[in-house]
Amino acid sequence: MKAKTVKLGRLYLTMKSRFGFLNWWPGETKDEIVIGAILTQNTSWKNVEKAIKNLKEENVLSISKIAACKTAYLEELIRPSGFYKQKASRLKGFASHVIKRYGTLDKMFRKNEKELRKELLSLNGIGNETADSIILYAAEKPVFVIDAYTKRIMGRVYGFKEKELEYQNLQKLIQEKIQTDVTLYKDFHAQFVELAKNYCKKEPLCENCPINKNCKYDVNEKLS
DNA sequence: GTCCAGGGCCTAC
DNA sequence: GTAGGCCATGGA
């Protein structure tokens, strides 16, 4: 890994000057953030919004309500988010675990990030990205979230290869290079998402991209 | 009609 | 330990 070419501070400020301070996860409560993190697995956020709207309207948008409701009912409510049987099962599993073992999310979140991460990863349907999204945005502890957007932008801007873009490698690199700070981690990831959604798609729309001049991506070359 | 979206699990080698 | 198949809806 060539440290000399990776200036994350500059990248962050470039994105932030375009989009402003974001520091977000689309969700009003910790429960909603966790539910959204599972529902958005390999799915566009637009579809997740439909599912969350259904849950809210039926008053099931909480860990305790999900633990208590029927699986078939949950499946119907989250159907627009795709993979709905898997996700219903994952939500039920997660919710039952929290209720049975802790009672509330807040109690579970008293663990340090390392212990919490280990526990989340042991649950069915919670992998690296979902675990880290929960830890950063709901538990508010410092782990950097790596997602498809992060990989795409880091790959294009710094020319990283697949091995360097693997989850643990990219996470380690970013965490070593920026200040360990929950607010910075949240906002940095939010900037990645905003940039990718607006400019850095699979079919490149690089012309007006705020980081265009730094980007190594060749617009004439298809991504693999 | 085809491609894609803020993953993760299981299986085979 | 890793490549490939599978899960599924809705929008472009």
Side-chain angles (χ1 to χ4, degrees), chain A residues 12 15 19 22-28 30 32-55 71-95 97 117-139 143-157 160-171 174 185-206 209 217 221-224:
Chain A
Y12 173 61
M15 295 192 291
F19 301 117
L22 299 169
N23 186 34
W24 92 161
W25 178 282
E28 292 170 12
K30 291 177 192 226
E32 188 176 340
I33 291 169
V34 170
I35 292 163
I38 292 172
L39 291 179
T40 198
Q41 292 171 350
N42 204 36
T43 300
S44 69
W45 188 258
K46 291 267 183 202
N47 284 3
V48 176
E49 283 177 332
K50 297 176 199 298
I52 288 183
K53 181 165 175 282
N54 290 343
L55 294 171
T71 300
Y73 176 56
L74 184 58
E75 286 177 358
E76 284 314 304
L77 295 179
I78 66 167
R79 183 188 278 268
S81 73
F83 308 122
Y84 62 92
K85 291 191 174 180
Q86 275 192 354
K87 287 175 181 175
S89 157
R90 290 172 183 185
L91 284 170
K92 291 287 286 182
F94 180 89
H97 174 82
R117 191 169 203 276
K118 192 174 166 189
E119 181 170 346
L120 290 171
L121 289 175
S122 76
L123 301 176
N124 180 48
I126 311 292
N128 285 320
E129 185 188 331
T130 308
D132 288 342
S133 298
I134 291 170
I135 297 168
L136 180 61
Y137 288 102
V143 291
F144 202 92
V145 178
I146 306 298
D147 60 10
Y149 293 152
T150 311
K151 289 185 183 181
R152 186 186 305 162
I153 293 167
M154 292 295 285
R156 289 184 185 179
V157 172
F160 286 159
K161 297 182 174 142
E162 279 189 40
K163 188 74 185 172
E164 297 167 309
L165 291 175
E166 282 176 9
Y167 200 97
Q168 320 291 353
N169 293 339
L170 194 52
Q171 184 178 51
I174 294 177
Y185 279 18
K186 284 185 183 177
D187 190 51
F188 207 140
H189 178 248
Q191 301 291 345
F192 274 139
V193 174
E194 199 62 24
L195 180 72
K197 279 188 173 173
N198 288 292
Y199 300 103
C200 197
K201 306 186 178 181
K202 273 206 167 180
E203 286 303 321
L205 298 174
C206 294
C209 176
Y217 183 64
E221 184 184 319
K222 288 268 186 185
L223 285 180
S224 56

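Below, chains carry the letters A, B, ... as their sequence lines are ordered, and counting in each starts from 1.
Following rounding to the nearest Å, A/Lys85 (NZ) and C/dA8 (P) show an atom-to-atom distance of 7 Å. The separation between A/Ile134 atom CD1 and B/dG7 atom P is 14 Å, rounded to whole Å. Note: NZ (A/Lys87) to C1' (C/dA8) measures 8 Å, nearest angstrom. We find that CG of A/Leu120 is positioned 17 Å from P of B/dG7, with the value rounded to whole Å. Atom-to-atom, CG of A/Asn42 to P of C/dA8 comes out at 12 Å; the value is rounded to the nearest Å.
For A/Ser81, there are no side-chain hydrogen bond (donor to acceptor under 3.5 Å, both in side chains) partners two or more places apart in sequence or in a different chain. Considering only residues two or more places apart in sequence or on other chains, A/Lys53 meets the salt bridge (charged side-chain N to carboxylate O under 4.0 Å, His left out) condition with A/Glu57. In this structure, the side-chain hydrogen bond (donor to acceptor under 3.5 Å, both in side chains) partners of A/Thr150, at least two apart in sequence or on a different chain, are A/Asp147. With sequence neighbours excluded, the residues forming a side-chain hydrogen bond (donor to acceptor under 3.5 Å, both in side chains) with A/Lys186 are A/Glu140, listed by chain and number. Checked against side-chain hydrogen bond (donor to acceptor under 3.5 Å, both in side chains), A/Glu119 has the following partners two or more places apart in sequence or in another chain: A/His97, A/Tyr102, A/Lys111. Checked against side-chain contact (heavy atoms from CB on, under 4.5 Å), A/Leu22 has the following partners two or more places apart in sequence or in another chain: A/Phe19, A/Asp187, A/Ala190, A/Gln191, A/Glu194.
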If you restrict it to nitrogen or oxygen atoms, what contacts under 3.5 Å exist between nucleotides 9-12 of chain C and the protein, and what is each distance?
unit_1	atom_1	unit_2	atom_2	d
C/dT9	OP1	A/Arg79	NH1	3.3
C/dT9	O2	A/Asn47	ND2	3.0
C/dG10	O4'	A/Asn47	OD1	3.2
C/dG10	O4'	A/Asn47	ND2	3.2
C/dG11	OP1	A/Lys50	NZ	3.0

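Residue pairs meeting the salt bridge (Lys or Arg N to Asp or Glu O under 4.0 Å) criterion with at least one partner in residues 126-136 of chain A, sequence neighbours excluded, are A/Arg117-A/Asp132.
Contact between the side-chain N/O atoms of A/Arg152 and the OP1/OP2 oxygens of B/dC4 is not found at any separation under 4.0 Å.
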Check your understanding: What string of B, S and - do you get for nucleotides 8-13 of chain B, 5' to 3', when a contact is any protein heavy atom under 4.0 Å?
Key -> SS----

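For the pair A/Met154/A/Ile174, a side-chain contact is recorded, criterion being any heavy-atom separation below 4.5 Å from C-beta on.
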